[in-house]
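So you know, we letter chains A, B, ... as the sequences are listed, proteins then strands, and number each from 1.
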Amino acid sequence: MNFGKRVYELCMKIPKGKVSTYGEIAGKMKTKGYRAVGNALNKNKFKEVPCHRVVASNGHLCGFAGGLKKKAELLRKEGVEVRAFRVDLKRFLYKFR
DNA sequence: CTAATGACCATTA
DNA sequence: ATAATGGCCATTA
């Protein structure tokens, strides 16, 4: 499960109040397995990891193990403006170095 | 090993 | 704007 660990590390690297996309994460890990990234989180569903800060490339919130609603609320609590399960990537997207 | 699934993405209509 | 299609990767059955 080295792959899942990679995603885990990257997710926790996301600062509070910012969000990231599966595409960015996948690109950072030199792979195009966007789906594998989300899959790893879903299967592992680390509760100690801010996986809720990861949204789709279009800024739309995808499924979340535990409740999509919860994910939106969590993001809002962090300071991210969530509108109809959508986030403004222009302002809240954190680009990995 | 093969087939199917999924918290995806981009293109095209 | 939404809908459909093809492609990508890892995990699971």
Side-chain angles (χ1 to χ4, degrees):
Chain A
M1 302 284 279
N2 205 0
F3 190 86
K5 196 163 180 212
R6 210 73 179 234
V7 180
Y8 164 87
E9 295 282 336
L10 284 166
C11 275
M12 144 166 104
K13 188 172 170 274
I14 303 172
K16 179 181 71 152
K18 297 268 181 191
V19 296
S20 180
T21 68
Y22 301 96
E24 287 293 321
I25 295 174
K28 187 64 207 141
M29 65 175 49
K30 299 284 192 255
T31 179
K32 289 123 189 140
Y34 323 102
R35 307 189 104 165
V37 177
N39 248 344
L41 289 172
N42 181 30
K43 296 261 167 68
N44 286 306
K45 72 175 190 258
F46 298 99
K47 47 188 171 175
E48 299 294 310
V49 179
C51 45
H52 56 267
R53 289 182 194 156
V54 185
V55 298
S57 65
N58 62 338
H60 210 294
L61 276 65
C62 288
F64 179 66
L68 191 65
K69 213 161 136 190
K70 192 88 168 156
K71 182 171 175 175
E73 287 297 307
L74 281 166
L75 286 170
R76 232 182 236 190
K77 218 155 99 162
E78 296 279 323
V80 180
E81 291 180 32
V82 181
R83 237 162 115 123
F85 296 96
R86 214 156 111 170
V87 182
D88 293 9
L89 297 177
K90 272 193 160 345
R91 296 198 70 83
F92 300 102
L93 174 62
Y94 171 72
K95 214 155 163 48
F96 288 97
R97 181 173 37 134

Is it true that a side-chain atom of A:Arg6 and a backbone atom of A:Met29 form a donor plus acceptor pair closer than 3.5 Å? no

Given A:Lys95, which partner from the list A:Lys28, A:Lys18, A:Glu24 fulfils the side chain to side chain contact (heavy atoms under 4.5 Å, CB included) test? A:Glu24

Separation of atom NZ in A:Lys45 from atom C1' in B:dA7, rounded to whole Å: 13 Å

Between P on B:dA10 and OH on A:Tyr34, what's the gap in Å once rounded to a whole number? 6 Å

May I have the distance from A:Tyr8 (atom OH) to C:dA10 (atom C1'), rounded to whole angstrom? 20 Å

Rounding to a whole Å, what distance do you find between A:Arg35:CZ and C:dG6:P? 14 Å

Do the side chain of A:Lys71 and the main chain of A:Val54 share a donor and acceptor less than 3.5 angstrom apart? yes

Closest-nucleotide mapping onto DNA chain C: is A:Arg86 or A:Gly33 further toward the 5' terminus? I mean the 5' end. A:Arg86

Length of the CG-P vector between A:Asn42 and B:dT5, whole Å: 15 Å

Describe the nucleic acid contact of A:Phe3 in one word from base, sugar-phosphate, nothing, applying a heavy-atom distance below 4.0 Å. sugar-phosphate

Evaluate whether atom NZ of A:Lys13 has more than 12 neighbouring non-hydrogen atoms of other residues, nucleotides or ligands under 6.0 angstrom away. yes

Could you tell me the separation between the NZ atom of A:Lys32 and the P atom of C:dG7, rounded to a whole number of Å? 16 Å

Backbone of A:Ala40 reached by a side-chain donor or acceptor of A:Asn44 within 3.5 Å: yes

Rounding to an integer number of Å, can you tell me how far A:Leu10 CG sits from B:dA7 P? 20 Å

Examine B:dG6: is either OP1 or OP2 under 4.0 Å from a nitrogen or oxygen in the side chain of A:Asn39? Give yes or no. no

By nearest atom, which of the nucleotides B:dA7, C:dC9, B:dC9 is closest to the A:Ala36 side chain? C:dC9

Grab the CD1-P distance between A:Ile25 and B:dC8 for me, whole Å please. 12 Å

Is there a Watson-Crick or G-U wobble partner for B:dT11 with both distances under 3.5 Å, and which nucleotide is it? C:dA4

Is any side-chain N or O of A:Ser57 closer than 4.0 Å to OP1 or OP2 of B:dC9? yes

